[in-house]
Amino acid sequence: MQNCGVNTIRTMTNLTAKHATSGSTWGVDGETGNIVDMEEFGVWDTLQVKSQVFKTAIETAILLLRIDDIVSGVKKQSDIDAEKMAGKFQAAPQEAPEE
């Protein structure tokens, strides 16, 4: 709504009032910012489209979390390898047993 230059809070308040009094087919015209009856305007959002949007968002979030885990694991392994090369993981010298 901000892209079409309207006051977001006022428009959402008016839209909520329209939904309460006149039904749920009202929406915001993206070009003018006016509240219009979407049925007359010819715009329909199907459940299938909304469901696919949620599925895609969830799949994307899972993919990003997997990539983050992989990158974190690779970094940790490379840090361990670097420390081994630097000699930080050398075994402590053992003392000779007392006789």
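- Here the CG atom belonging to L63 is positioned 12.0 Å from the OG1 atom belonging to T56, to the nearest 0.5 angstrom.
- Side-chain atoms of T32 and D29 include a donor-acceptor pair closer than 3.5 Å.
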What side-chain donor-acceptor pairs closer than 3.5 Å can you find for residues 35-42, not counting sequence neighbours?
| unit_1 | atom_1 | unit_2 | atom_2 | d |
| --- | --- | --- | --- | --- |
| D37 | OD1 | T25 | OG1 | 2.7 |
| D37 | OD1 | E39 | N | 3.2 |

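- Here the closest non-hydrogen pair linking W26 and K18 is CH2-NZ, 3.8 Å.
- Side-chain contact between T11 and V28 is present, with heavy atoms from C-beta onward closer than 4.5 Å.
- Here the OG1-CG distance, from T60 to L65, works out to 11.0 Å after rounding to the nearest 0.5 Å.
- Annotation for I62: hydrophobic cluster partners, listed by chain and number, are I58 (ILVMFWY side-chain heavy atoms under 4.5 Å, direct or chained).
- Between atom CD of residue E59 and atom CD of residue Q52 there is a gap of 7.0 Å, rounded to the nearest 0.5 Å.
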